[in-house]
Protein chains: 2
Amino acid sequence: MEKEARRTRWKQDPDSVKADILRAAVAEFSVKGLSGTRIDEIARRTATSKRMIYYYFGDKVGLYRAALESEYHRARHQEGEIDFSGLDAVEAMRRLVEFTFDFHRHHPEFVAMIAHENTQAAVHLAESEVIRRLNQGAVNQVGEIYADGVARGQFRPGLEPVRLHWMISALCFYNVSNRHTFSAGFGDTIHSDEGQETHRRFVVDLVMRAVMAQPEATSTAP
Amino acid sequence: MEKEARRTRWKQDPDSVKADILRAAVAEFSVKGLSGTRIDEIARRTATSKRMIYYYFGDKVGLYRAALESEYHRARHQEGEIDFSGLDAVEAMRRLVEFTFDFHRHHPEFVAMIAHENTQAAVHLAESEVIRRLNQGAVNQVGEIYADGVARGQFRPGLEPVRLHWMISALCFYNVSNRHTFSAGFGDTIHSDEGQETHRRFVVDLVMRAVMAQPEATSTAP
DNA sequence: TGACAATTGTACGAATTCGTACATTTTTAA
DNA sequence: TTAAAAATGTACGAATTCGTACAATTGTCA
């Protein structure tokens with residue numbers, strides 16, 4: 001008996017309730033892991049109740065998987081948003097590395113969830129189709145840029161796209177995943193906000209040196 | 001009433017009991033993490049009982065810290081064993097990277113324990129003195145080799161030792177820490193036994209390209 | 001040898017936490 | 001309007017698991 005719209009109006013809103021639960025779940029799982037997380041704690045962080053978590057996601061593992069996949073979906077979505085238009089291979093490669101660096105840096109929960117998966121041998125990820133597509137897309141992306149650069153004589157030939165992707169991923173992932181133990185050992189020279197700007201250039205430079213035919217022309221620093 | 005030695009012979013052997021407990025603890029903690037590990041399961045893996053764990057290590061967290069430090073001690077010990085005698089800067093740098101690559105590869109529990117620490121913001125490591133010394137030693141090591149190479153004109157100047165150490169560590173750590181999710185996405189081209197040989201050369205090559213004044217002279221591959 | 005300290009075994013108490021039974025409200029469909 | 005389905009709140013049962021009380025055994029030292 002409310003004003004606008006006459007069909008399918010729910011005061012109840014399952015979709016936003018689910019999204020709310022997933023948000024809280026990622027926040028907890030990414031920090032505490034599967035076993036360290038308490039369902040009651042997730043419930044406390046939501047606008048709803050524990051009862052709803054079980055209603056929509058079945059059990060703890062079901063919620064964990066849903067949270068993991070939702071993070072992958074977000075990553076996959078952003079990945080396709082990079083704008084390479086008007087860039088040659090060298091510039092495109094730079095942009096790709098910069099994007100990857102920034103994405104990891106701004107999504108530590110994503111990094112943490114994957115780190116947790118790895119400590120458990122990726123058992124929950126192995127059965128998911130989503131990850132396979134995401135990763136394959138990333139490899140194709142770097143592969144195309146690389147092939148273009150080789151064709152133009154800017155990049156040295158002989159490198160495998162999957163290894164290039166591995167390298168970029170390793171540097172960008174480790175930068176976030178191990179920032180705590182690294183900072184504990186050396187202070188925050190690298191991981192402070194200013195330090196990360198320098199470090200970002202360093203990482204880009206490393207990748208360019210790895211792929212360029214004439215690496216000397218790569219460095220940005222004086 | 002046994003043969004040799006007359007003083008302080010114990011049928012009881014606290015040191016080996018402790019070592020036995022630590023071994024089992026590392027095996028569990030590295031896979032399941034602090035909260036995922038069950039003390040009863042560790043006890044089952046030892047030759048002794050749960051009672052002994054509490055007797056020697058106080059509580060679960062005490063055991064966790066002891067396990068973490070014991071892994072660091074082992075790493076620190078091996079680190080000092082590398083033989084650089086007779087090597088010039090270029091060869092020494094290669095050997096350092098190879099050693100680091102191999103060490104991580106052969107000690108996945110070490111890698112896993114650090115990964116766990118990072119998901120928890122390294123709270124247990126932050127108060128430990130051991131790690132600081134270990135890391136500082138590693139930086140000094142690469143710093144000396146680098147300075148030597150710069151002095152001889154083999155390496156390009158301007159790089160910070162801590163960033164060089166970061167790079168080597170990132171590549172070697174990620175290779176082990178993320179092997180599961182990476183394999184799940186691309187098969188085991190990189191992480192199979194044969195794949196790792198190629199990959200090891202790739203990683204060494206990346207580091208050499210990053211530091212060499214004339215990177216072209218670096219590649220081992222045809 | 002006898003007193004005292006170090007080491008180990010057994011059983012269990014107390015707290016935590018996953019998941020559900022049951023009741024209630026909200027929305028759709030006939 | 002009314003019956004059925006979807007969504008939600010409340011309280012609690014059952015299992016797990018950390019840590020300990022208590023007792024017993026083994027070794028040192030005077």
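What you see is a predicted model; the values in this text were computed from it and never measured. A note on names: the letters A, B, ... follow the listed sequences, proteins ahead of strands, and every chain is numbered from 1.
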Using a cut-off of under 3.5 Å, enumerate the N/O to N/O pairs linking the protein to nucleotides 15-17 of chain C.
| unit_1 | atom_1 | unit_2 | atom_2 | d |
| --- | --- | --- | --- | --- |
| C/dT17 | OP1 | A/Arg38 | NE | 2.6 |

Rounding to a whole Å, what distance do you find between [X]:[atom1] and [N]:[atom2]?
X: A/Ile53; N: D/dG9; atom1: CD1; atom2: P; result: 11 Å
X: A/Tyr64; N: C/dC18; atom1: OH; atom2: C1'; result: 18 Å
X: B/Lys18; N: C/dA6; atom1: NZ; atom2: P; result: 12 Å
X: A/Tyr55; N: D/dA6; atom1: OH; atom2: P; result: 7 Å
X: B/Phe57; N: D/dC18; atom1: CZ; atom2: P; result: 16 Å
X: B/Met52; N: D/dA24; atom1: CE; atom2: C1'; result: 12 Å

What residue pairs, at least two apart or across chains, pass ring-ring contact (aromatic ring centres under 6.0 Å, His included) with a residue in residues 24-49 of chain B?
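Found B/Phe29-B/Tyr64.
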Scan B/Tyr56 against the nucleic acid and name what it touches under 4.0 Å (heavy atoms): base, sugar-phosphate only, or nothing.
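The residue B/Tyr56 makes sugar-phosphate contact but no base contact.
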Got a second to check how far A/Asp40's CG is from A/Lys50's NZ, nearest 0.5 Å?
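If we round to the nearest 0.5 Å, A/Asp40:CG and A/Lys50:NZ are 4.0 Å apart.
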Test salt bridge (Lys or Arg N to Asp or Glu O under 4.0 Å) applied to B/Arg163 and B/Glu160, step by step
CA-CA 5 Å; B/Arg163 237 176 272 276; B/Glu160 299 155 89; 2.8 Å; yes
Test: A/Arg38 and A/Glu41 ion pair at under 4.0 Å
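No.
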B/Arg95/B/Glu98 ion pair, N-O < 4.0 Å:
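Result for this pair is no, no salt bridge flagged.
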Do B/His180 and A/Glu117 have a side chain donor and acceptor closer than 3.5 Å?
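Short answer, no.
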Quick check, are the ring centers of A/Trp166 and B/Tyr174 under 6.0 angstrom apart?
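For A/Trp166 and B/Tyr174, the ring centres are under 6.0 Å apart.
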Considering only heavy atoms from C-beta outward, does the side chain of A/Ile145 approach that of A/Leu164 to under 4.5 Å?
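They are not in contact (no side-chain heavy atoms under 4.5 Å apart), so the answer is no.
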Check residues 101-114 of chain B and write down every donor-acceptor pair under 3.5 Å in which the side-chain atom is one partner and the other belongs to a residue at least two apart or another chain.
| unit_1 | atom_1 | unit_2 | atom_2 | d |
| --- | --- | --- | --- | --- |
| B/Asp102 | OD1 | B/Arg200 | NE | 2.9 |
| B/Asp102 | OD2 | B/Arg200 | NH2 | 2.7 |
| B/His104 | ND1 | B/Thr100 | O | 2.8 |
| B/Arg105 | NH2 | B/Asp193 | OD1 | 3.4 |
| B/His106 | ND1 | B/Asp102 | O | 3.1 |
| B/His107 | ND1 | B/Phe103 | O | 2.9 |
| B/Glu109 | OE1 | B/Arg74 | NH2 | 2.9 |

Start at the 5' end of DNA chain D and walk down; is the nucleotide closest to B/Tyr54 or to B/Arg51 reached first?
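Counting from the 5' end, the first nearest nucleotide belongs to B/Tyr54.
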Are any protein N/O atoms closer than 3.5 Å to N/O atoms in nucleotides 11-14 of chain D? If there are, list each pair with its distance.
none

Whether the side chain of A/Asp188 engages the backbone of A/His191 through a donor-acceptor N/O pair (distance < 3.5 Å, no angle test) should be reported.
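Side chain of A/Asp188 to backbone of A/His191, a donor-acceptor pair under 3.5 Å: no, none is there.
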If you take any heavy atom closer than 4.0 Å to DNA chain D, which residues from residues 20-36 of chain A end up in contact?
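Under 4.0 Å from DNA chain D: no residue of residues 20-36 of chain A.
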For A/Ser49 and D/dT8, is the shortest distance between a side-chain N/O and OP1 or OP2 below 4.0 Å?
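Looking at the OP1 and OP2 atoms of D/dT8, neither is under 4.0 Å from any side-chain N or O of A/Ser49.
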Apply side-chain contact (heavy atoms from CB on, under 4.5 Å) to A/Thr189 and list each qualifying residue two or more places apart in sequence or on a separate chain.
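If we apply the side-chain contact (heavy atoms from CB on, under 4.5 Å) test to A/Thr189, skipping adjacent residues, there are no hits.
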